[in-house]
There are 2 protein chains.
Amino acid sequence: MTDTAKDRSRPETRRGPSMADVAKLAGVSSQTVSRVSNERRNVDEATRERVLAAMRRLGYKPNRAARALRTGRFRSIGVITFTLSTYGNMRTLDAITAAAAEEDLTVTVIRIPDPTTGTVSGAYRRLSEQAVDGVVIIFEAHLLDQADITLPDDQPVVVVDSNAGDAYAVVDTDQELGARQATEHLLGLGHPTVWHIAGPEDSFSAHHRVTAWAETLRARGITSPLAMRGDWSTDSGYRIGRELAARPEVSAVFAANDQMALGALQALHEAGRDVPGEVSVVGFDDMPESKAFWPPLTTVHQDFAEVGRRCIEKLVHAIETKEHETGRALVPTRLIVRESTARYAG
Amino acid sequence: MTDTAKDRSRPETRRGPSMADVAKLAGVSSQTVSRVSNERRNVDEATRERVLAAMRRLGYKPNRAARALRTGRFRSIGVITFTLSTYGNMRTLDAITAAAAEEDLTVTVIRIPDPTTGTVSGAYRRLSEQAVDGVVIIFEAHLLDQADITLPDDQPVVVVDSNAGDAYAVVDTDQELGARQATEHLLGLGHPTVWHIAGPEDSFSAHHRVTAWAETLRARGITSPLAMRGDWSTDSGYRIGRELAARPEVSAVFAANDQMALGALQALHEAGRDVPGEVSVVGFDDMPESKAFWPPLTTVHQDFAEVGRRCIEKLVHAIETKEHETGRALVPTRLIVRESTARYAG
DNA sequence: GTGATAGATGTTTACGTGAACATCAGATTT
DNA sequence: AAATCTGATGTTCACGTAAACATCTATCAC
């Protein structure tokens, strides 16, 4: 008469063995199983072995949800981005994932709809309900507002590609250095000025590259030509490249990324303008493909792996100490000289 | 004298408001809050408004961990891959992420160490402890064994780039169709035979492309030349391209991806072999950059978005029905003819 | 007017874990 | 030998949620 009051709430999901099952099999309390599971040292070696054997036998796996509920930590971070289609974003995600794995952190990708298009109703919910301990945002932070999204203010945040250094911790490639290296390289080759194919307006890295390019020219007393706006795509580079090719005075072009540089290269070829004989071209990113462009592209190398590492480092620090750190951390770039640039033959 | 037995376990993590807090403020039971939170209909409109107001006021957000613990569902899927550096993998992940968002699913990226190198001790743990309802694996499934990793057999799995159609549900681009389209295109142009730059041995798509290429040749009574093995990288394409360029009898090359095709293009240029005048080249993938290669690359277009959609569709079905479905779903390819191929000039 | 029905809401409970506290045996100190 | 300490192990409880069950109120049929 005692075995009636059972089978209450029982979601039909078949669950795996729990600590209690392991404990019973090993003849210990479930707390001891917990200790073994968390690799605490205060467990007798013989007992530990017995528990481990029981775990293996039952195929026990800790339940992350229960663990997270108890500890308040998910051991997971979110990476928020608009798109994975640009080389830079993809490599950044790749690097963050690698660095996160080192810290035994899981990475959740959260793609939010582009704020410039369509509705974003569900996005806020998705973003703030995530089971993550912190987030890395890969785009200009002020777009968050446009996207009608608010970050939970209690959540650690690191931003890449943003000028939000006073509000958030920012890690980024030293865009300014890279743009200067590119521009000075061309100037050093004797070119009277340098034209620029810029990235989209809402990208901070694009903005910074334009600015540094113009600044470098001005420092030499050169009035900078109008920057031409692309959108990072090869197509936009091609479109702008055609305009550039039509102007005989253009002898040096700095494109804000390799993909647009490639498009420009194509336009120049089609127009019969020799690269680097007549026109020199420099890119930015150093994609693995760039060295096989025709001609092999001189470009600015970004250390994405380092950016990823720094992001995780800062984020982990913020999560552990709960300090709301701000400021920018810059990762230096390196100019890779290949064959798309040559001395001005004016 | 009644307020002594509190403040027991209290992790220092500041947590947000819970359903109980909302319930108190709204003057209802927490179960009603739960009902509102889950959008059940059996709540009076006035009550719902009151609860929603209380939620907004307190900034309430459901706790995913508690929810997952209670329901046994994480509303999350894992994507397992070795690397994000190949164009195909990256695009597949991108597509899966987009499709998952439609289903309101979160995507966790799990990068496991390459099985052919180093140790993988921690990988098993990480993989099986994930808080996911199912996984998509983006690589040849038999490598899982080599990697000393076992999938929990109770977890829904969909595999991309694998021949494991009898053990798992497989979704993939129709590699065979694509390779045939490429080869037949070249043959149709009058080339006596077609050389092939293959992908790495452990890739199923690479394997399938080689086989279909050889098969297409054989069907026409042509003995296929030896396939040359690359590793998907532009560098390997370049290396093999040099070998090919040195053989005067080579007039048509089919590369297993665009990156290797690009490398081959470069080698051919350097060797002074005109493309497509002397040698025709076809790639596979249709990266956005390919149309700006020099010359613009004829290639096989893959519909990654469709692959991603199908993966999620199958996975969601498996999660909901708990049916262990197998078999292959193939997504057709499309040949994009550009300027890297021309009629055989003998 | 009485009983039946449907819908809204409340109460109780368990999901699996780990922190806090309790206990107990053996080792060490005096 | 009594007192003290140390390390191993057990017991209790709460984290936030949602399923199951229990009530309670208005509406309807006859």
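Computed from coordinates, the A/Phe74 CZ to D/dC15 C1' distance equals 11 Å when rounded to whole Å. Rounded to whole angstrom, the span from the CZ atom of B/Arg35 across to the C1' atom of D/dA19 amounts to 10 Å. In this structure, A/Leu69 atom CG and D/dC15 atom P are separated by 9 Å, rounded to whole Å. Across the protein-nucleic acid pair, B/Arg73 atom CZ and D/dG16 atom C1' stand 19 Å apart, rounded to whole Å. Between B/Glu39 atom CD and D/dA18 atom C1' there is a gap of 15 Å when expressed in whole angstrom units. Atom CZ of B/Arg67 and atom C1' of D/dT17 are 8 Å apart (whole Å).
When the side chain to side chain contact (heavy atoms under 4.5 Å, CB included) test is applied to A/Ala65, the partners found at least two apart in sequence or on another chain are A/Asn63, B/Ala68, B/Leu69, B/Phe74. Every residue meeting the side chain to side chain contact (heavy atoms under 4.5 Å, CB included) condition with A/Arg35, not counting sequence neighbours, appears here in chain and number order: A/Gln31, A/Thr32, A/Arg40, A/Asn42, A/Val43.
Note that OG1 of B/Thr97 and CG of B/Leu105 are 11.0 Å apart. Values are rounded to the nearest 0.5 Å.
Between A/Phe204 and A/Asp172 there is a side-chain heavy-atom pair separated by less than 4.5 Å. Between B/Arg67 and B/Ser37, the closest side-chain pair of non-hydrogen atoms falls below 4.5 Å. For the pair A/Leu93/B/Leu93, a side-chain contact is recorded, criterion being any heavy-atom separation below 4.5 Å from C-beta on. Side-chain contact between B/Ile319 and B/Arg73 is present, with at least one heavy-atom pair separated by less than 4.5 Å. In this structure, the side chains of B/Ile312 and B/Ile96 come closer than 4.5 Å at one or more pairs of heavy atoms. Put simply, the side chain of B/Val160 reaches to within 4.5 Å of the side chain of B/Cys311, judged on heavy atoms.
One finds a side-chain N or O of B/Arg40 lying less than 4.0 angstrom from the OP1 or OP2 phosphate oxygen of D/dA19.
In this structure, the helix from C/dG1-D/dC30 to C/dT30-D/dA1 shows an angle of 30° between the axis at its start and the axis at its end, each fitted on 5 base pairs and rounded to 10°.
Distance from the side chain of A/Arg70 is smallest to C/dG16 among D/dT17, D/dA18, C/dG16. In the set D/dG16, C/dT17, D/dG10, the nucleotide with an atom closest to the side chain of A/Asn63 is C/dT17. Between C/dG10, D/dG10, D/dT17, one nucleotide has an atom nearer to the side chain of B/Thr32 than all others, and that is C/dG10. Minimum atom distance to the side chain of B/Gln31 is reached by C/dT11, of the listed C/dT17, C/dT11, D/dG10.
One finds no salt bridge joining A/Arg310 and A/Glu313 here, because no Lys/Arg side-chain nitrogen approaches an Asp/Glu carboxylate oxygen to under 4.0 Å.
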Check residues 17-24 of chain B and write down every donor-acceptor pair under 3.5 Å in which the side-chain atom is one partner and the other belongs to a residue at least two apart or another chain.
unit_1	atom_1	unit_2	atom_2	d
B/Ser18	OG	B/Ala20	N	3.3
B/Ser18	OG	B/Asp21	OD2	3.4
B/Asp21	OD2	B/Ser18	N	2.8

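Listed in residue order, the members of residues 17-30 of chain B having a heavy atom less than 4.0 Å from DNA chain D are B/Ser18, B/Met19. Contacts between residues 41-59 of chain B and DNA chain C, counted as heavy-atom distances below 4.0 Å, involve B/Asn42, B/Val43, B/Asp44, B/Thr47.
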